Amino acid sequence: MEDPLLNFLVKFQSLVARNVVISHLGVENVNKICALDVAYKGNKGYAVAVYFDGQGYDHNVVIDEVKFPYIPTFLFIREAPLMIKALEKYQDQCQLTLIDGHGLAHPRKSGIATVIGVLLDIPTIGVAKSRLFGEEVKEDSEIYILAHGEKVGIKKGKFYFSIGNKVDLNDVKVLARKGYPEILKLADKLSKEAKGKNS
DNA sequence: GCGACAG
DNA sequence: ATCTTGTCGC
C-alpha cells in the first residue's frame, strides 16, 4: 500500500471499523426498510434508494459521474457517495438500510455497508452476491462468516449477509433466513432501468 | 512469487 | 459492475 491515497483510505477504514456499533435492532419488528444499489453505464453511476414503508415502495434515483475505479476492498469510495445522496430522501424514515456489498466481512471490517452505517449513524446490513473475505464455518446448520476470528455474518445459499452497523448477528440471521431480500431485487432492477433510460 | 479479489 | 450467444436444467 504505497499509494498515498489508498494508504489514506486504509486509515479511514480503520477509523470507521473502530466506531462500528454492534447492538440488537430486532429486524423481525422492523417494517420500514431501505435498500441501496448502483448500476453503471460508462463513467456514469445510477444510484437508487428504495423505501418500503410497510405498505408499498417508493424510490429515488441519483445520477452522477463516477471518478474512482473499482478496487477490491475500496468499493466504498466509488459507490458510497452516490448511495448516500440517493438515501437522503428517506434517511430519517428508514429503520434499517440494506446495502449491496459487504459490511464487517471485509479485511479491515470496513465494507461499504459499515462505512455508510457509521457515517450516517444508522442501522445497516450488507448483502453481497459473492465472497470477498473471511473464513466460513458451519455450526448448527448455519454457515457463519468469520473476519479475524469473529462471527460477523452468515452465508445463506449463494449470498453473504454481514453486520453493517447498529445491528447484531441475530438481526443478520433473521434477515438471512428469508433469503435474498425482495427490496434489493427491486433496487437492482430500478438502477438498471434508470441506466437504460438515460442512454 | 502466487492466488484471491464486494461492485 | 458491464460486455454478450448459445445452451444446460428445472
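What you see is a predicted model, and the numbers here were worked out from it, not measured in a lab. Chain letters run A, B, ... following the sequence lines, proteins first, then strands; residues in each count from 1.
- Remark: P of dG7(B) and NZ of K129(A) are 5 Å apart, rounded to the nearest angstrom.
- Nucleic acid contact class of K192(A) (heavy atoms, under 4.0 Å, all strands): sugar-phosphate only.
- Exactly one of R108(A), H102(A), Q13(A) qualifies for a side chain to side chain donor-acceptor pair (under 3.5 Å) with T73(A). That residue is R108(A).
- K189(A) places none of its side-chain heavy atoms less than 4.5 Å from the side chain of K185(A).
- Salt-bridge formation is not detected for the pair E136(A)/R131(A): no Lys NZ or Arg NE/NH1/NH2 atom is positioned less than 4.0 Å from an Asp or Glu carboxylate oxygen.
- Within 4.0 Å of I112(A), counting heavy atoms only, lies at least one base atom of the nucleic acid.
- Nucleic acid contact for Y40(A): sugar-phosphate only, since backbone atoms but no base atoms lie under 4.0 Å from a heavy atom of the residue.
- The 12-atom threshold is exceeded at NZ of K129(A), counting heavy atoms of other residues, nucleotides or ligands nearer than 6.0 Å.
- In this structure, OH of Y70(A) is placed 14 Å from P of dT2(C), rounded to the nearest angstrom.
- Residue F74(A) contributes atom CZ, which lies 15 Å from atom C1' of dG7(B) at whole-angstrom precision.
- Taking atom NZ of residue K195(A) and atom P of nucleotide dA1(C), one finds them 9 Å apart after rounding to whole Å.
- Within 4.0 Å of A105(A), counting heavy atoms only, lies no atom of the nucleic acid at all.
- Taking atom CZ on R108(A) and atom C1' on dA6(B), their separation rounds to 12 Å, with Å as the unit.
- For E79(A) and dG7(B), the CD to C1' distance is 5 Å, given to the nearest whole Å.
- To the nearest angstrom, P of dT2(C) lies 10 Å from CZ of R78(A).
- Salt-bridge formation is not detected for the pair K192(A)/D37(A): no Lys NZ or Arg NE/NH1/NH2 atom is positioned less than 4.0 Å from an Asp or Glu carboxylate oxygen.
- Distance from the side chain of H106(A) is smallest for dA6(B) among the nucleotides dT2(C), dA4(B), dA6(B).
- Between K41(A) atom NZ and dT2(C) atom P the separation is 10 Å, expressed in whole Å.
- Considering only side-chain N and O atoms, S130(A) lies nowhere under 4.0 angstrom from the phosphate OP1 or OP2 of dC5(B).
- Between R131(A) and dC5(B) there is a side-chain polar atom (N or O) within less than 4.0 angstrom of OP1 or OP2.
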